[in-house]
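Below you'll find the structure, written out as structure tokens, and then a few comments.
None of these values were measured; they are calculated from a predicted model.
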Amino acid sequence: MLKLYRLVGNELKKIFAKKMIWSIVLVMLVSVVGVAMLTQSSKVIDTKTTYTKDWEKQLVEQNKKLAADKKANPVHVKHRIEKNNYYLKHHLKPNHYQAGDFLIDNAFLTALISLITIVVAGGSIANEFTYGTIKQLLIRPVSRTVILISKYIAMILFSGIMMVILLAITYIVGLIFFGSSSINPELVFERPDHFAKNTLWNETFLIYGLKLIHVISLGTFGFMVSSILRNNGLAIGLSMFIMFLGSTVSAFITQYEWSKYLLFTNSDLSRYFHFIGPFRDDMTFSFSATVTAVYIVIFLILAWVAFVKRDVN
């Protein structure tokens with residue numbers, strides 16, 4: 001166990017020693033600030049309205065104005081009116097747009113973490129072969145399986161650390177631009193077929209936790225490709241190509257029943273807690289979780305076979 005711990009520590013040191021990682025953190029910061037500026041000036045997201053003691057009358061007036069606005073997007077109008085009605089029905093005073101809303105609205109920025117995780121995972125094993133350090137690694141008094149496990153654990157920990165960094169950046173930028181009514185306010189979120197109230201941090205851990213599973217599943221694919229191809233550039237390039245292809249094509253093949261068995265239509269489990277919902281109506285959370293788990297297991301088995309059973313020349 002101590003040897004595994006040291007191997008994982010060494011892998012993390014090698015990952016965070018790369019300037020590219022800190023460049024991505026800078027890109028995260030710039031992206032979040034840019035999105036905050038766009039949000040602040042947006043006509044779709046209401047960041048200006050505050051609510052008084054007469055909030056119920058305010059919501060009723062809002063609904064009337066929205067219904068009378070012929071230029072507004074009808075889908076947006078429908079969502080706003082339904083959300084206002086939820087507040088009225090459950091006697092919940094709405095909060096102004098704040099850091100918590102910004103944090104949840106911009107969970108899509110985890111795509112940056114998916115990208116860098118694939119790069120790290122794709123080069124994890126392939127780099128050892130590309131730079132000729134694999135033999136030095138294998139002469140250590142540990143099995144190949146333990147080495148492989150240490151690299152995979154390091155990848156997962158890296159993904160988690162980057163997720164926390166993104167979460168912290170987004171929340172702090174949200175506080176600067178939009179403020180917050182409390183440390184853990186109760187907010188209303190739109191699910192695929194209804195609205196639901198939840199505290200900010202419960203919702204945050206739910207959405208970002210499920211996004212992390214998506215990131216890990218993509219990273220595991222890159223990890224497998226790295227183990228099989230043993231070529232740095234090819235492993236990273238192919239992994240990124242498949243990621244972009246999968247995310248782009250998924251929306252266009254949902255009419256086919258077989259599409260629900262693909263990794264890319266299942267791995268983002270946060271869709272089940274977002275108004276967009278799953279890719280297909282016959283898909284459920286447990287189904288997608290099972291499909292994703294099966295893919296991860298298959299990828300790990302293939303990575304293990306390629307790394308442990310093949311000879312090193």
Side-chain angles (χ1 to χ4, degrees), residues 28-56 58-63 65-66 69 72-73 75-113 163-212 214 268-277:
M28 283 184 189
L29 177 59
V30 172
S31 299
V32 172
V33 172
V35 172
M37 294 173 67
L38 289 173
T39 301
Q40 198 172 49
S41 60
S42 172
K43 293 182 179 180
V44 176
I45 301 175
D46 182 5
T47 61
K48 305 292 191 299
T49 302
T50 56
Y51 296 91
T52 65
K53 293 180 180 179
D54 296 325
W55 60 270
E56 291 174 308
Q58 283 182 270
L59 290 181
V60 171
E61 287 300 316
Q62 275 186 25
N63 284 352
K65 289 180 180 179
L66 287 167
D69 189 353
N73 185 316
V75 175
H76 171 66
V77 169
K78 180 175 179 290
H79 288 174
R80 283 286 305 277
I81 291 176
E82 287 177 350
K83 190 173 185 178
N84 286 348
N85 288 338
Y86 181 89
Y87 284 118
L88 292 168
K89 180 180 179 180
H90 295 274
H91 306 289
L92 294 171
K93 181 183 177 181
N95 294 298
H96 64 85
Y97 190 88
Q98 55 188 280
D101 298 293
F102 182 73
L103 182 62
I104 301 301
D105 286 349
N106 292 287
F108 70 89
L109 290 172
T110 54
L112 290 172
I113 301 177
M163 189 70 75
V164 171
I165 292 174
L166 175 63
L167 197 154
I169 290 173
T170 307
Y171 184 66
I172 292 170
V173 170
L175 282 175
I176 294 171
F177 276 83
F178 309 109
S180 182
S181 57
S182 66
I183 295 176
N184 192 27
E186 189 172 64
L187 303 172
V188 171
F189 303 97
E190 188 173 3
R191 305 301 192 210
D193 56 357
H194 66 285
F195 287 90
K197 59 180 179 179
N198 200 1
T199 59
L200 167 61
W201 294 113
N202 281 346
E203 188 74 8
T204 298
F205 293 137
L206 172 66
I207 299 301
Y208 279 80
L210 294 175
K211 286 289 187 182
L212 181 58
H214 176 59
D268 188 1
L269 297 171
S270 68
R271 293 178 67 97
Y272 288 93
F273 297 90
H274 191 272
F275 71 87
I276 56 177

Measuring only between side-chain heavy atoms, which start at C-beta, is Glu56 closer than 4.5 Å to His91? yes
Nearest non-hydrogen partners of Arg80 and Asn63, listed with the distance: O-OD1, 4.5 Å
Please name all residues satisfying side chain to side chain donor-acceptor pair (under 3.5 Å) with Glu186, sequence neighbours left out, ordered by chain then number. none
Heavy-atom nearest pair, Lys211 first then Met163, reads C-CE, 4.0 Å
More than 12 heavy atoms of other residues, nucleotides or ligands under 6.0 Å from NZ of Lys48: is that the case? yes
Hey, is the main chain of Val35 close enough, under 3.5 Å, to the side chain of Thr39 for a donor-acceptor pair? yes
Heavy-atom closest pair (Ala36 atom, Phe178 atom, distance to 0.1 Å) is O-CZ, 3.7 Å
Test side-chain contact (heavy atoms from CB on, under 4.5 Å) applied to Arg271 - qualifying residues, sequence neighbours left out: Asp268, Ile276, Phe279
What distance separates Glu82 CD from Phe275 CZ, expressed to the nearest 0.5 Å? 11.5 Å
Exercise answer: donor-acceptor pairs, residues 200-209 side-chain atoms, under 3.5 Å, sequence neighbours excluded:
from: Trp201; atom 1: NE1; to: Ile183; atom 2: O; distance (Å): 2.9
from: Asn202; atom 1: ND2; to: Thr199; atom 2: OG1; distance (Å): 3.0
from: Glu203; atom 1: OE1; to: Arg191; atom 2: NH2; distance (Å): 2.9
from: Glu203; atom 1: OE1; to: Asn198; atom 2: ND2; distance (Å): 3.0
from: Glu203; atom 1: OE2; to: Arg191; atom 2: NH1; distance (Å): 2.6
from: Thr204; atom 1: OG1; to: Leu200; atom 2: O; distance (Å): 2.8
from: Tyr208; atom 1: OH; to: Leu103; atom 2: O; distance (Å): 2.7

I'd like to check the side-chain contact (heavy atoms from CB on, under 4.5 Å) partners of Val33; sequence neighbours left out, ordered by chain and number. Leu29, Met37, Val173, Phe177
Can you list the residues that meet the side-chain contact (heavy atoms from CB on, under 4.5 Å) rule with Ser181, with sequence neighbours excluded? Asn95, Gln98, Pro185
From Leu59 atom CG to Asn84 atom CG, the distance as rounded to the nearest 0.5 Å: 4.5 Å
Taking side chain to side chain donor-acceptor pair (under 3.5 Å) as the test, write out the residues that go with Ser41, two or more places apart. none
